[in-house]
There are 2 protein chains.
Amino acid sequence: MVRVRMADVAARAGVSTATVSMVLNGVNSTRISPQTQQRVREAAEAVGYKPNSVARSLRTQQTRMVGLISDTIASTPFAGRMLAGANDVAREQGHLVVLVDTERDAEAERQALHALNGQQVDAVIYACMWHRVVEVPPGLPEDAVLLDCAPAGGGRAAVVPDERAGGRVAVRELVAAGHRRIAFLDAEERFELVASRLRYEGYLEVLAEAGIEPDPALHVRAEPVAGGGRDAARRLLDLPERPTAMFCFNDRMAMGAYAAAHHCGLSVPRDLSIVGYDDQQLVAAELDPPLTTIALPHYEMGRWAMEVALGLRQADPEVPHLMPCPLIRRASVSPPPTQFGD
Amino acid sequence: MVRVRMADVAARAGVSTATVSMVLNGVNSTRISPQTQQRVREAAEAVGYKPNSVARSLRTQQTRMVGLISDTIASTPFAGRMLAGANDVAREQGHLVVLVDTERDAEAERQALHALNGQQVDAVIYACMWHRVVEVPPGLPEDAVLLDCAPAGGGRAAVVPDERAGGRVAVRELVAAGHRRIAFLDAEERFELVASRLRYEGYLEVLAEAGIEPDPALHVRAEPVAGGGRDAARRLLDLPERPTAMFCFNDRMAMGAYAAAHHCGLSVPRDLSIVGYDDQQLVAAELDPPLTTIALPHYEMGRWAMEVALGLRQADPEVPHLMPCPLIRRASVSPPPTQFGD
DNA sequence: TTGAAAGCGCTAACAA
DNA sequence: TTGTTAGCGCTTTCAA
């Protein structure tokens, strides 16, 4: 397994390395005679030539690698889809992605930036695994793209989910089914989720557009996990005038809401309609009945970020790009039960 | 933002680039006077020198990058932990990981291998997101490490979960609680999951060691998702002599088993004990009661693979390394209900 | 104790 | 139409 260099190809084809370089890279190829080109290609094939990207990078000052710094890739099921989106675009463009996981540690971020800078990556993407507002780490290149997070100070290309529109879509689905008493099972404020406020705003907007007076009793908060959703849903179901539908901050809370409904002898969706958020495969699709929910566009955001990073697409650095969150219609929504007195 | 080269540091310190190189890399540093070293360091600091890894790589023939080819990073919640493990070791060793996702497409694999080879990565890891036996792709370097898969022909360093031992641990937990009628909710054979056979073998071994005659009626198969688990569990609960415990192929099937139990008015774990497999955070920990399960050691396997790849650890290429699957004890196991006639 | 110089493998002016 | 040559920024032998 000896490494074969361009000089070996040149020698075999009886030309200079310059000619080999031009032929193989298709540069100035009109200026080189077809028979020479042919000869070069055959020689390259014969000796099994593979270009050395490191040498090329040193010469051209571009590496065809892009660095992707993520705050924590380990602990979320969404990371994969984001990476996949970024990766697909990179591959289409003949680029490779260098991944660094920093666990949100400032020192690790600094090191990662150094390393990527040293490796002369052509672009950098800074990704978060939960939508949030971040302080841009010092040393992050000016043209870095932020993925699933927005810079506290603005001024950077960034892409985040359009949570407010997602909230609207979710609640409209419920309104369209005929619901008027729609609860919002929100995350507690201490988690400082930017999605929480935005989804709530979407909820309020749709109530307003449907002429429904928001009832503060129907906006409850809990820990955004199944247990929290269960407790919140129970409180709601104990209300004198219980809601006929629940919009949950996420699918895990929705899972808890299912449990609460069963506990109260209620059937989903006949007695209670539920819409989640996130479209977590392992939860939403596996619930019984399958959960209608709003998907987070991680794959698309990953693609978008890579496209901007590689200059395939322009981004307005002043305002984060809002990626639509599509409704995934499954089986947890139906018209409200008919009430006496209606 | 002009790039500063080693020559700039040399000029400022009034030495040659050779000296700068030696000082900054700590090579032959005993041979260079302390005051010169000091001067070099100050100069480097003053001009903000950052070494160019590309140039260094060209010269030294090593890039401090390792390629990680994964079959599909997008669609599994486990990928992250594997990547995290590999990444942590890489970082500890001053290496970077270059990630390529091939979606299990042979052509994409070929391209990826080319690209990584061109970038002169120091090592490559070939990772699967589900434990399986694979045909090693042509062109995979001899010293590549296989992660969560074993080579069909053998002969490569590889690491996989110890599924059989995991099955044993799961069933022993049930036996220790006093169960004798223990069902195994297995995946259907058409999915060709190597884990299926191994976990079943573990199950049988423990029955044997406990002197329990395996009842074929208690080994049922279904699609390894919640719906499949629910159906399989219902069939089991309809048996004249129903099992008091179920070991499920995975957490999703266990989720279905919970549903079936509720449906039959049975309480977990009072009337029915359940153990899962995988420790999927979003499922196992969120179930009510939380599910006792066996964890897949993805983080550890990721670490192991990277350690071998970087030569920190020796591997026997003849037999895949078996990584233990720990029991995660939660609340879905208790002694069997007291029976009349006992 | 330090410096000169020769490349690593490739690209791209400039010459021929 | 093709070849010569000068680097890209760094490491490392050898000489001083």
Side-chain angles (χ1 to χ4, degrees), chain A residues 1-41 43-44 47-65 114-115 117-122, chain B residues 2-41 43-44 47-65 94 114-115 117-122:
Chain A
M1 188 62 191
V2 334
R3 44 171 28 87
V4 12
R5 301 172 329 289
M6 191 176 267
D8 300 318
V9 179
R12 191 168 219 275
V15 297
S16 73
T17 59
T19 302
V20 176
S21 174
M22 287 172 153
V23 171
L24 264 24
N25 293 311
V27 174
N28 287 345
S29 54
T30 54
R31 307 187 152 197
I32 290 172
S33 74
Q35 54 268 43
T36 301
Q37 296 207 23
Q38 182 63 13
R39 215 149 19 94
V40 168
R41 275 184 236 285
V47 298
Y49 173 68
K50 300 279 173 287
N52 179 328
S53 317
V54 176
R56 188 213 302 265
S57 296
L58 179 59
R59 182 60 230 234
T60 60
Q61 306 286 32
Q62 44 162 357
T63 51
R64 303 187 81 73
M65 297 195 305
H114 261 185
N117 181 49
Q119 291 289 359
Q120 313 270 92
V121 296
D122 295 342
Chain B
V2 334
R3 44 173 28 88
V4 9
R5 299 171 332 289
M6 191 177 267
D8 301 318
V9 178
R12 192 169 218 275
V15 298
S16 73
T17 59
T19 302
V20 176
S21 174
M22 289 172 154
V23 171
L24 263 25
N25 293 312
V27 173
N28 287 346
S29 54
T30 52
R31 308 187 150 198
I32 290 172
S33 72
Q35 53 268 44
T36 301
Q37 296 208 25
Q38 182 63 13
R39 217 154 14 101
V40 168
R41 277 183 233 286
V47 299
Y49 173 68
K50 301 278 172 287
N52 178 330
S53 319
V54 176
R56 185 212 304 262
S57 296
L58 179 59
R59 181 59 230 237
T60 59
Q61 305 285 34
Q62 44 163 357
T63 51
R64 303 187 83 73
M65 296 195 305
H114 261 185
N117 180 49
Q119 291 288 358
Q120 314 269 94
V121 295
D122 295 343

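Below, read A as the first sequence line, B as the second, and so on, with proteins coming before strands; counting in each chain starts at 1.
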What is the nucleic acid contact for [X], judged by heavy atoms within less than 4.0 Å: base, sugar-phosphate only, or nothing?
{"X": "G118(B)", "result": "nothing"}
{"X": "S33(B)", "result": "sugar-phosphate"}
{"X": "V27(B)", "result": "nothing"}

Any donor-acceptor N/O pair, Q120(A) side chain to L58(A) backbone, under 3.5 Å: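 No.
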Nearest-angstrom distance from the residue atom CZ of R3(B) to P of dC8(D):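 So the two atoms are 12 Å apart, to the nearest Å.
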Take atom CZ of R64(B) and atom P of dC10(D), then tell me their distance rounded to the nearest Å. 16 Å
Nucleotide of dC10(D), dT4(D), dG9(D) approaching S16(A) most closely (side-chain heavy atoms):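 Nearest listed nucleotide: dT4(D).
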Inter- and intrachain pairs under salt bridge (Lys or Arg N to Asp or Glu O under 4.0 Å), touching residues 6-24 of chain B, at least two apart: R5(B)-D8(B)
Give the minimum heavy-atom separation between T63(A) and V121(A), together with the two atoms involved. OG1-CA, 3.5 Å
Closest non-hydrogen atom pair, G48(A) against V4(A):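 Heavy-atom minimum between the residues: O-CG1, 3.7 Å.
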Closer to the 5' end of DNA chain C via nearest nucleotide, is it Q120(B) or P34(B)?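 Upstream on the strand: P34(B).
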5′-ward residue of the pair Q37(B)/T17(A) relative to DNA chain C: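 Between the two, 5'-proximity favours Q37(B).
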Listed by chain and number, what are the side chain to side chain contact (heavy atoms under 4.5 Å, CB included) partners of M6(B), not counting sequence neighbours? T17(B), V20(B), S21(B), Y49(B)
OP1 or OP2 of dG3(D) less than 4.0 angstrom from a side-chain nitrogen or oxygen of T19(A), does that happen here? yes
Is any side-chain N or O of T36(A) closer than 4.0 Å to OP1 or OP2 of dT2(D)? yes
Are the side chains of R56(B) and N25(B) in contact, using a 4.5 Å heavy-atom criterion?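 Result yes, sub-4.5 Å side-chain heavy-atom pair found.
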Please tabulate, one pair per line, each protein N/O and nucleotide N/O from nucleotides 14-16 of chain D that are separated by under 3.5 Å, including the distance.
none

Return the residues of residues 50-60 of chain B meeting this criterion: a heavy atom under 4.0 Å from some atom of DNA chain C. Order them by number, or give none. L58(B), R59(B)
Would you grab the first and last nucleotide of DNA chain C (5' to 3') that comes under 4.0 Å of any non-hydrogen atom in chain A? dG9(C) to dA12(C)
Salt bridge (charged side-chain N to carboxylate O under 4.0 Å, His left out) filter on R39(A), not counting sequence neighbours, yields none
